[in-house]
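No experiment lies behind these values; they were computed from the predicted model shown. Reckoned from all heavy atoms, side chains included, excluding hydrogens, waters and symmetry mates. Order of the sequence lines fixes the chain letters, A, B, ..., with proteins taken first and strands second; residue numbering starts at 1 for each chain.
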Amino acid sequence: MPELVVRTALAETLVPWYRAAARELPWRAPGFGAWGVLVSEFMLQQTPVSRVIPHLEAWLERWPTPAALAADAPAEAVRQWANLGYPRRALWLHRAAVEIRDRHAGVVPRDVDALLALTGIGDYTARAVAVFAYGDRHPVVDTNTRRVIARAVHARAQPGAPSRRDLADMDGLLPADDEAAAVMNAATMELGAVVCTARSPRCGECPIRDACAWVASGSPATPDVRRRQARYEGSDRQARGAVLRALRESGPLPQEAVIPDWPDARQRDRAIATLVSDGLIEPEDGLLQLPRG
DNA sequence: AAGGCGTGGTC
DNA sequence: TGACCAAGCCT
């Protein structure tokens, strides 16, 4: 029963390791606040910790509350987002701030279903906020957690395709106590981030190595179902990124003056059209600009 | 439900 | 060098 072995190891070995070795990250500071946690989780969606930290601090200095962000135009959020990537997260974070102001009196909700109803918040982010900001007991499952469970419990080198089963897996590993469960969620993510990594896991430094089903079975290669990322060079995504960068840095521009030297004019026009459709840019008096809201 | 969606660092 | 990877979400 690898689950019981792993559960015991998480409680007795992983959590003490985490208490001693956890990185000091801004959102782990006592009293960081639910808004700060929520903003950090938006930024951390597919973006590394090291790139997020400076942007997070600037963001919270400018907009210390959801209402402060909601009072500005979405254009300001997209511009402040700068080069963090996936700029629709900036748009969605702004929308979520408006929804928090209008539906929750400006207070980040604590209830998972209320969080899930906010724009840009899914299974991971909703539970991360409920657990790390409010201390409630929920399974928090991100890519790190999925990898740790795949190896330690299921003896696989890599996780399978994401599924609701992941939440049940993690829930079964958590202790009953709210506070202890929150720490275990964080510790599991930390282990996946710094030890049980995707490419070269540091099994020699792993606090739960003795309980790991994958190590016990000889660390075999197993079927890999991960999605391959499409090539970026020459892609529509690259064109969209170039368009948005130009509008962020040079203000409103005529369509023909946005990335005028782009090698593929049809791709440029397609990028502009999909950005408009996504609400990331808008045409106004013959000029393209960031959304004024 | 499979694919689209940025950007930069690493090996 | 190019492919992989990074605290996902939406349609």
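- The nearest whole Å value for the distance from the CD atom in A:Glu99 to the C1' atom in C:dC9 is 14 Å.
- The CG atom of A:Leu275 sits 4.5 Å away from the CD1 atom of A:Ile281 when rounded to the nearest 0.5 Å.
- Contact check for A:Val39 versus A:Met43: side-chain heavy atoms found under the 4.5 Å cut-off.
- Each of A:Trp92 and A:Ala242 was assigned the nucleotide of DNA chain B with the nearest heavy atom; the assignment lying further toward the 5' end belongs to A:Trp92.
- We find that CG of A:Asp278 is positioned 11 Å from C1' of C:dT11, with the value rounded to whole Å.
- Taking atom CG of A:Leu91 as the reference point, atom C1' of C:dC9 lies 13 Å away to the nearest angstrom.
- Protein atom CG of A:Leu275 is 9 Å distant from nucleotide atom P of B:dC5, rounded to whole Å.
- One cannot find a donor-acceptor pair under 3.5 Å joining the base of B:dG4 and the side-chain atoms of A:Arg240.
- Regarding A:Leu116, its CG atom lies at a distance of 16 Å from the P atom of C:dG8, rounded to whole Å.
- For C:dC9, one of the phosphate oxygens OP1 or OP2 lies less than 4.0 angstrom from a side-chain nitrogen or oxygen of A:Thr125.
- Checked for salt-bridge contact, A:Asp264 and A:Arg266 miss the test: no charged N lies under 4.0 Å from a carboxylate O.
- The residue A:Leu84 sits close to a base: some heavy atom pair falls under 4.0 Å.
- Using a 4.0 Å cut-off, no side-chain N or O of A:Asn83 falls inside it from OP1 or OP2 of B:dG6.
- When the C1' atom is compared between C:dT1 and B:dG8, the two are found 16 Å apart, to the nearest whole Å.
- In this structure, A:Asp142 does not pair ionically with A:Arg146, as no charged nitrogen and carboxylate oxygen lie closer than 4.0 Å.
- Side-chain polar atoms of A:Gln80 and A:Arg62 form a donor-acceptor pair below 3.5 angstrom.
- No hydrogens or angles considered: a donor-acceptor pair under 3.5 Å links the side chains of A:His154 and A:Asp169.
- Across the protein-nucleic acid pair, A:Arg237 atom CZ and C:dC9 atom C1' stand 13 Å apart, rounded to whole Å.
- Distance A:Asp166 CG to C:dG8 C1': 13 Å, rounded to the nearest Å.
- Residue whose closest nucleotide on DNA chain B sits further toward the 5' end, between A:Arg227 and A:Arg89: A:Arg227.
- For the pair A:Leu280 CG and B:dT7 P, the interatomic distance rounds to 11 Å; values are reported in whole Å.
- Within 4.0 Å of A:Asp123, counting heavy atoms only, lie sugar-phosphate atoms of the nucleic acid but no base atom.
- Nucleic acid contact for A:Pro87: sugar-phosphate only, since backbone atoms but no base atoms lie under 4.0 Å from a heavy atom of the residue.
- A:Cys196 is listed as a side-chain neighbour of A:Arg151, based on a closest heavy-atom distance under 4.5 Å.
- Using a 4.0 Å heavy-atom distance criterion, A:Tyr232 is classed as a base contact.
- Rounded to a whole angstrom, the distance from the P atom of B:dA2 to that of C:dA7 is 24 Å.
- Side-chain contact check for A:Ser250 and A:Arg245: no donor-acceptor pair (N or O, by modelled atom type) lies under 3.5 Å.
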Restricting both atoms to N or O, compile the protein contacts to nucleotides 5-7 of chain C shorter than 3.5 Å, with distance only.
unit_1 : atom_1 : unit_2   : atom_2 : d
C:dC5  : OP1    : A:Arg226 : NH1    : 2.7
C:dC5  : OP2    : A:Arg226 : NH1    : 3.3
C:dC5  : N4     : A:Gln229 : NE2    : 2.6
C:dA6  : OP1    : A:Arg147 : NH1    : 3.0
C:dA6  : N6     : A:Gln229 : OE1    : 3.1
C:dA6  : N6     : A:Gln229 : NE2    : 3.3
C:dA7  : OP1    : A:Asn144 : ND2    : 3.2
C:dA7  : OP2    : A:Asn144 : OD1    : 3.4
C:dA7  : O5'    : A:Asn144 : ND2    : 3.2
C:dA7  : O4'    : A:Asp142 : OD2    : 2.6
C:dA7  : N9     : A:Tyr124 : OH     : 3.3
C:dA7  : N6     : A:Trp27  : NE1    : 2.4

